[in-house]
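A, B, ... follow the sequence lines: proteins, then strands. Residue 1 opens every chain.
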Amino acid sequence: MSTNAKPYKETLNLPATGFEMKANLPAREPKMQEGWREQDLYARLREARRGAPRRVLHDGPPYANGDIHMGTALNKMLKDFVVRSLSMRGFDSPYVPGWDTHGLPIEHKVMKDLGPKAASLDRAEVRELCRVEAMKWVDVQRAQFRRLGVLGDWDDPYLTLDPRYEAGIVDVLADLLDAGYVFRQLKPIHWCTSDQTALAEAELEYRDETTPSIYVNFPMVAGVPDAWLAAEGSKPEEWSAMIWTTTPWTLPANVAVAVHPDLTYAGVRYVDPETGQVVRTILGADLVARVMELRKITDFAEVGRCKGRELEHAQYRHPFLDRVSPIVLANYVSVEDGTGLVHTAPGHGGEDYQTGLAYQLPVLSPVGPSGKFTDEAPEWLVGLHVFAGNPKVVAHLKESGHLYLESPLSHSYPHCWRCKKPVIFRATEQWFVGVDRNDLRGRTLEEIKQVRWYPEWGQARIEAMVSLRPDWCISRQRSWGVPIPALGCTACHAQLLTAETARHFRDLFRKEGADAWFSRPVEEILPPDAKCPQCGGTSFRKEGDILDVWFESGSSHRAVLAKGFELGFPAFMYLEGSDQHRGWFQSSILTSVGTTGKAPFESILTHGFVVDDKGRKMAKSEGNAIPAVKATEQHGADVLRLMVSSMDYADDVRISERSIKEASEAYRKIRNTFRYLLGNLEDYAKFDPSTVDLATLHEIDHWALGQLNGVIRDALAAYERFEFYKVHQRIYQFFSVELSSFYLDVLKDRLYAEEPLGADRRAAQFVLHKLHDVLTRLLAPILPHTAEESWGYMPHGQDLPASVHLATFPEPDPRWDDAERDARWETLREARDAILRALEGLRKDKTIGSAQEASVVVAAPAADLPLLQADRDLLATICLVSEVEIREGSGADRFQVSASRSAHGKCERCWNYRPSVGRSPEHPTLCERCVRVVTAAAEKGAAS
RNA sequence: GGGCGCAUAGCUCAGUUGGCUAGAGCGUACCCCUGAUAAGGGUAAGGUCCCAGGUUCGAAUCCUGGUGCGCCCA
C-alpha cells in the first residue's frame with residue numbers, strides 16, 4: 001500500500017448526490033403528494049394545456065362501499081397512465097373522477113346495521129343514512145386513490161347522488177320517454193309475502209325447504225308426432241305431456257310447457273295401476289324408466305321417439321283452466337330430475353319469464369302483495385295464501401285425474417334475509433327501455449362499429465351481448481336511488497310519466513335533489529296541469545320505483561360529459577374491466593344512442609381481472625387476495641404502478657407477493673441508475689449544456705444517444721397504443737442492458753478520472769444529462785413520484801417546468817441516428833462478448849480479478865480486421881481491459897480470444913494497467929493520463 | 001351449458017405473411033469488484049412453445065377436437 005493512496009483518491013470525481021439510494025416510498029410519496037396539492041398541480045396542468053386539443057378519459061364510477069381492492073387500484077392506475085401520458089403528449093386531458101353512490105349494497109348495509117329499527121324509519125330517513133354511508137366511503141376511497149398517485153380533480157368529483165347528477169339522469173329518462181322507448185310491463189321478481197317487499201338476489205338466503213313435488217299430465221290438443229298416433233291408432237286428445245313441479249301454486253299461471261330442442265323425448269303408453277286406465281304421455285326418453293319406477297309401474301311401453309324441437313308449437317289444455325297453451329323450446333331444460341318437460345309460468349319464474357318473452361306468452365300473476373290469490377285465480381283458490389294453495393291444487397289435480405304422483409321433496413329454496421320466511425316469484429308492473437323500439441338495438445350496433453376497441457375483440461363481445469339482450473328493466477323496488485317520477489292516478493290507477501312531467505321533476509331534483517320526491521307531499525311537487533292520461537283525474541300518488549343504478553351511471557355522458565363538468569361529448573375514452581361490456585359500456589351507449597344517436601365514447605379500453613400467481617381469481621374468501629391499501633403503504637405506489645405497467649392488461653393480471661417483490665427489484669434498478677446519473681451530474685448544473693461542443697462527444701456517446709432515440713421512438717409508439725407494458729419492457733431493458741451493464745460502466749473511467757472540467761468528461765456528462773432528462777420524462781406517467789423526485793435534482797436552469805408532470809415527452813434527435821455506426825457497434829459488442837467470456841476463464845484460475853488486469857488477443861476473420869484494428873483502443877475501453885491486440889485467424893466462433901494477465905503496471909489512481917505507469921518521476925505510480933490530470937489540478941490549485 | 005378471451009423458460013414479455021440449434025430482461029447458481037456499495041459487473045444453467053389429432057417438404061405459428069383459467073350469461 002502506497003502512503004499517498006488517499007490523496008490520489010481525492011483527486012477523483014466520484015459520484016455524489018442527495019438522491020438517496022433508499023427510496024423509502026411509504027414516507028416519501030405522501031409528502032410529495034402533499035406538495036402537489038399545495039401547488040395545485042392539477043390546476044396548473046389544466047392551465048398549461050389550455051387550448052391544446054382535448055382528449056378526455058371519462059372515469060367510470062367505482063361503487064362507494066368498502067376499501068378499494070387490487071382490481072379498482074389496477075383500473076385507476078391504468079387510467080392514470082393514460083391521462084398522464086396524454087398530457088405529456090401535449091393533449092389537454094382533464095380527469096374528473098366519480099363515484100356510484102346509490103344502489104342496493106349501500107342500502108342493504110344500512111338496513112342490516114339498523115336491524116329491527118329499520119321498520120320504524122320512513123324512506124327519507126333511510127336515504128339520509130345511505131347518503132352518510134356513501135359519502136363516508138367516497139372520502140375513504142378518494143384518499144386511497146390519491147395515495148396511488150392518481151392525478152385528477154379530486155376536490156370536485158362527480159357523485160351520482162349530487163342533485164346536478166340526479167337531474168342529468170332524469171334528463172336522459174325524459175329524452176327516452178320523448179322518443180318512445182319507455183314502457184311498462186309485468187315482470188317477476190323475488191317477493192317476500194310476509195314483509196310485502198321486493199327482494200334482490202343479495203337479500204336471499206338459500207335453505208332447504210320441503211315442498212310438494214308433483215308430476216302432472218297435461219292433456220294434449222295437437223302436435224303429437226304422427227308416427228305415434230299411427231302406431232297407437234290414437235288421436236292427439238288421447239295423449240298427455242307430463243310435467244314436474246315443486247310449486248303447485250304456480251300452475252294457475254301456467255302458459256307453456258318447455259322442452260329442450262336437442263333432447264330426445266318418448267311417447268309412452270302405460271296402464272295406471274289405480275284406475276286401470278291406459279294413459280299415453282310424453283316424457284324425456286332418459287327419464288321414462290325412472291318416472292315409471294316411482295309408481296312401480298311395469299306395464300308400460302315406448303311408442304316412439306322424437307327430438308324436443310319436433311314438439312315445438314304442439315298444444316295442450318291447461319289441467320283446470322279453460323286455456324290452450326303451446327309447447328316451447330328452452331335450453332335450460334335438463335333431464336337431471338323431473339320429466340324433461342318444464343311447467344312454464346312467466347309470472348312466477350326468471351327463466352320462465354325469458355322464455356315467455358321469446359314466445360310472447362302472457363305474464364300471469366294472480367297473486368297479491370300479501371301472497372294471496374287474487375280473483376284472477378280459479379275461485380277455489382281466491383283469497384288463499386299461495387303456500388296454503390299448494391295442497392288445494394294437488395287435491396284438485398288428483399280429483400280431475402291429471403295427477404301422476406305427489407311426494408314431498410326437500411330442496412334448496414330462497415328465504416327472506418330479514419324475516420327468514422320463504423319467498424315467492426311474483427310479477428309486478430315494471431318500467432322498461434325497449435331495445436327494439438325505434439331500432440335502438442340496430443342503431444347501437446352501428447355506433448359500436450364507429451368506436452375503437454382496445455383490444456379489438458371487445459367489439460365482438462359487446463356486439464354479441466347487445467344483439468341478444470332483452471329489453472332493459474329500469475325499475476327497482478328500493479329506496480336508495482333516483483325515483484322514476486311516475487305518478488299513479490288515484491282514480492283509475494293509470495300512470496302519468498311523460499317527457500314533460502319528467503322534465504318537471506328533473507328541474508325539481510336539480511334544485512332540491514331527488515330527496516324531494518320522498519320528503520315532500522305529492523300535491524306540492526305535482527307538475528302544473530297534471531292530468532291522468534286515461535280518466536283525466538287530477539289526484540295522484542307518488543309511485544315507489546327507483547331507477548336501476550346502471551341507468552344512473554349510464555347517464556354520466558349527460559350528467560358529466562355534456563353538462564355539469566363541461567368535459568365535452570363524446571369522451572375520447574372509457575377504460576374499465578372487461579365485465580363492463582355488459583355493464584357500464586352498454587348502459588352508457590344505449591342511453592346515449594337513444595338520446596343523441598351517438599356513442600358517448602370514441603374508444604374503449606378494457607383490462608382483465610386481477611388473479612393470483614396461479615391464475616385463479618382473487619377473493620377474500622380464497623385467502624389469496626393482496627390488499628391494495630396495505631400493499632401501497634408497505635411498498636409504495638410507484639412499486640405497484642411499476643408492477644402494473646409491466647403486464648399486458650388485456651389479459652388477466654397476475655398479482656402476488658412475488659410479483660410485488662419483483663417490481664421492487666426492478667424499481668431499485670431504475671432508481672439506482674438515476675442515482676448514478678445524478679451522482680455524476682452534481683457539478684454539471686453550474687454549466688450550460690448548450691456550451692458543450694458536440695464535436696467533443698466520443699463515438700460511444702454518439703452511439704448511446706442513438707440508442708436513446710430508439711427508446712424514445714419505441715416508448716412513444718407504445719404510449720400511443722396504450723401498451724404500457726411495452727414502454728416498461730423497452731425502458732427497463734435499456735436501463736439494464738445498454739446503460740447499467742455497458743455504457744455507464746464504460747463511462748466510469750472518463751467521469752471519475754478525467755479532468756473535472758475537461759472536454760472528455762463534459763461530453764460524458766452531456767450524454768448523462770440527456771439520458772436523465774429523457775428517461776425521467778418517459779417514466780413520469782408510470783412513476784410519478786420517483787420521476788418528480790429525480791426531476792427536482794435535474795441540473796437545469798432554463799425554461800423547464802418546475803414539475804415533470806407539466807412537461808411533455810422528449811422527441812428523438814435525428815442528429816444521433818446513424819445506422820452504419822450502429823452496425824459497427826454490433827460487431828464491437830459481439831467482440832466484447834467474446835472477450836468477456838475469455839476473461840471468465842482467467843477468473844476461474846485466479847489469474848485476474850477485475851477486467852482491468854487482463855490483456856487480450858483477438859483473432860478475427862479478415863473481413864473484420866479493418867474495423868477491429870481501427871477500433872482497437874476503443875475495444876479495450878469498452879471491455880475495461882488493459883490492452884487489446886488484433887490478429888487474423890479463424891475458428892468455429894467469429895472471434896477467438898486468448899487472454900492473459902497484463903504485463904503493465906497498475907495505475908494507483910485509475911486502477912488501469914498501462915505501459916506508461918512508472919514513467920513519471922513525480923508520480924511513479926500513475927499512468928500518463930493520471931499524471932496529466934493530477935498535474936493540471938495542482939497547477940490550477942496553485943493558480944487560484 | 002352458451003358467448004368472448006387467454007395459455008411460449010420460475011416471473012414479465014418477443015417471436016412479422018408457417019422456414020435457423022425458439023429469443024430478451026428479471027430471477028436463480030457460480031464467480032469478480034469493493035471508487036454507483038443494503039450498489040455495480042461477468043459467466044452459466046433453465047422450454048414436450050397446455051394436450052391430442054390433422055394439413056404441409058416443414059407447425060410455437062394454420063385447421064379440428066380437448067384440457068385448464070378468467071369475464072359475462074344461463
Distance, rounded to the nearest Å, where [X] contributes [atom1] and [N] contributes [atom2]:
{"X": "A:Arg668", "N": "B:C26", "atom1": "CZ", "atom2": "P", "answer": "13 Å"}
{"X": "A:Leu642", "N": "B:G25", "atom1": "CG", "atom2": "C1'", "answer": "13 Å"}
{"X": "A:Leu839", "N": "B:A44", "atom1": "CG", "atom2": "P", "answer": "12 Å"}
{"X": "A:Ile655", "N": "B:U12", "atom1": "CD1", "atom2": "P", "answer": "11 Å"}
{"X": "A:Leu739", "N": "B:A36", "atom1": "CG", "atom2": "C1'", "answer": "13 Å"}
{"X": "A:Asp651", "N": "B:C13", "atom1": "CG", "atom2": "P", "answer": "8 Å"}
{"X": "A:Leu747", "N": "B:G41", "atom1": "CG", "atom2": "P", "answer": "14 Å"}

Once each nucleotide of nucleotides 60-70 of chain B is scored for protein heavy atoms under 4.0 Å, what B/S/- sequence comes out, 5' to 3'?
---------SS
Between [N] and [M], how far is it from one [atom1] atom to the other, in whole Å?
{"N": "B:G18", "M": "B:G10", "atom1": "P", "value": "29 Å"}
{"N": "B:G5", "M": "B:C50", "atom1": "C1'", "value": "16 Å"}
{"N": "B:C6", "M": "B:A39", "atom1": "C1'", "value": "39 Å"}
{"N": "B:A44", "M": "B:G23", "atom1": "P", "value": "14 Å"}
{"N": "B:A22", "M": "B:A59", "atom1": "C1'", "value": "12 Å"}
{"N": "B:C30", "M": "B:G35", "atom1": "P", "value": "24 Å"}
{"N": "B:U48", "M": "B:A9", "atom1": "P", "value": "8 Å"}
{"N": "B:A36", "M": "B:U17", "atom1": "P", "value": "46 Å"}

So is the aromatic ring of A:Trp911 stacked onto the base of B:G35, judging by whether the centres are under 5.5 Å apart and the planes are under 30° apart?
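A stacking contact exists, since A:Trp911 sits close and nearly parallel to the base ring of B:G35.
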Give [X] one of three labels, base, sugar-phosphate or nothing, depending on what nucleic acid heavy atoms sit under 4.0 Å from its own.
{"X": "A:Asn672", "answer": "base"}
{"X": "A:Lys661", "answer": "nothing"}
{"X": "A:Ala666", "answer": "nothing"}
{"X": "A:Leu836", "answer": "sugar-phosphate"}
{"X": "A:Arg469", "answer": "nothing"}
{"X": "A:Glu665", "answer": "sugar-phosphate"}
{"X": "A:Asp613", "answer": "nothing"}
{"X": "A:Met643", "answer": "nothing"}
{"X": "A:Cys910", "answer": "base"}

Can you tell me how far CD of A:Gln634 sits from OG of A:Ser664, rounded to the nearest 0.5 angstrom?
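CD of A:Gln634 is found 10.0 Å from OG of A:Ser664.
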Think [X] has a side-chain N or O under 4.0 angstrom from the OP1 or OP2 of [N]?
{"X": "A:Lys726", "N": "B:C13", "answer": "no"}
{"X": "A:Lys9", "N": "B:G35", "answer": "yes"}
{"X": "A:Lys846", "N": "B:C32", "answer": "yes"}
{"X": "A:Arg675", "N": "B:G40", "answer": "no"}
{"X": "A:Tyr8", "N": "B:G35", "answer": "no"}
{"X": "A:Ser736", "N": "B:C26", "answer": "yes"}
{"X": "A:Tyr752", "N": "B:A36", "answer": "yes"}

Do A:Arg761 and A:Tyr752 meet the cation-pi criteria used here (NZ or CZ under 6.0 Å from the six-membered ring centre, within 45° of the axis)?
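Negative - A:Arg761 is either too far from the ring of A:Tyr752 or too far off its axis.
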Apply the test side chain to side chain contact (heavy atoms under 4.5 Å, CB included) to residues A:Ile878 and A:Arg832: give CA-CA distance (whole Å), side-chain angles for both, the deciding distance (0.1 Å), then the verdict.
CA-CA 7 Å; A:Ile878 66 174; A:Arg832 178 175 182 263; 4.2 Å; yes
Among [options], which nucleotide has an atom closest to any side-chain atom of [X]?
{"X": "A:Met21", "options": "B:C31, B:A36, B:A14", "result": "B:A36"}
{"X": "A:Ser740", "options": "B:C13, B:A36, B:G42", "result": "B:A36"}
{"X": "A:Tyr732", "options": "B:C26, B:G3, B:U12", "result": "B:C26"}
{"X": "A:Glu662", "options": "B:C11, B:C33, B:G42", "result": "B:C11"}

Nucleotide N/O of nucleotides 20-24 of chain B paired with protein N/O under 3.5 Å:
from  : atom 1 : to       : atom 2 : distance (Å)
B:A24 : O2'    : A:Gln733 : OE1    : 2.6

Kindly say whether the aromatic ring centers of [X] and [Y] come within a distance under 6.0 Å.
{"X": "A:Tyr574", "Y": "A:Trp584", "result": "yes"}
{"X": "A:Tyr8", "Y": "A:His923", "result": "yes"}
{"X": "A:Tyr454", "Y": "A:Phe722", "result": "yes"}

Taking atom types as modelled and ignoring hydrogens, do the side chains of A:Glu883 and A:His904 form a donor-acceptor contact shorter than 3.5 angstrom?
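Yes, because at least one side-chain N or O of A:Glu883 sits under 3.5 Å from a partner of the opposite role on A:His904.
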Going by the angle between their ring planes, with limits at 30° and 60°, are [X] and [Y] parallel, tilted or perpendicular?
{"X": "A:Phe735", "Y": "A:Phe674", "value": "perpendicular"}
{"X": "A:Phe425", "Y": "A:His190", "value": "tilted"}
{"X": "A:Tyr413", "Y": "A:His411", "value": "perpendicular"}

Check this for me: does the side-chain of A:Lys22 come within 3.5 Å of the base of B:A38 through a donor and an acceptor?
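Absent.
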Regarding B:G42, can its base be found pairing with the side chain of A:Glu840 as donor and acceptor, where the two atoms are less than 3.5 Å apart?
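Answer is yes: a donor-acceptor pair is held.
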Both distances below 3.5 Å, Watson-Crick or wobble geometry, any strand: find the nucleotide opposite B:U55.
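Result: none.
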Watson-Crick or G-U wobble partner for B:G1, using a 3.5 Å limit on both distances?
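Check on B:G1: paired to B:C73, both distances under 3.5 Å.
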Checking A:Thr776 side chain against A:Asp773 main chain: does a donor-acceptor pair fall under 3.5 Å?
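It does not hold such a pair.
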Just label B:G42 as syn or anti from its O4'-C1'-N9-C4 or O4'-C1'-N1-C2 angle, using within 90° of 0 for syn.
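Here the answer is anti: the torsion falls beyond 90° from 0.
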Which residues pass the side chain to side chain contact (heavy atoms under 4.5 Å, CB included) test with A:Gln354, not counting sequence neighbours?
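Side chain to side chain contact (heavy atoms under 4.5 Å, CB included) check on A:Gln354 returns A:Leu357, A:Pro470.
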Using the side-chain hydrogen bond (donor to acceptor under 3.5 Å, both in side chains) rule, take A:Asp683 and A:Gln765 through it: C-alpha gap first, then chi angles, then the decisive distance, then the call.
CA-CA 10 Å; A:Asp683 61 330; A:Gln765 286 183 311; 2.8 Å; yes
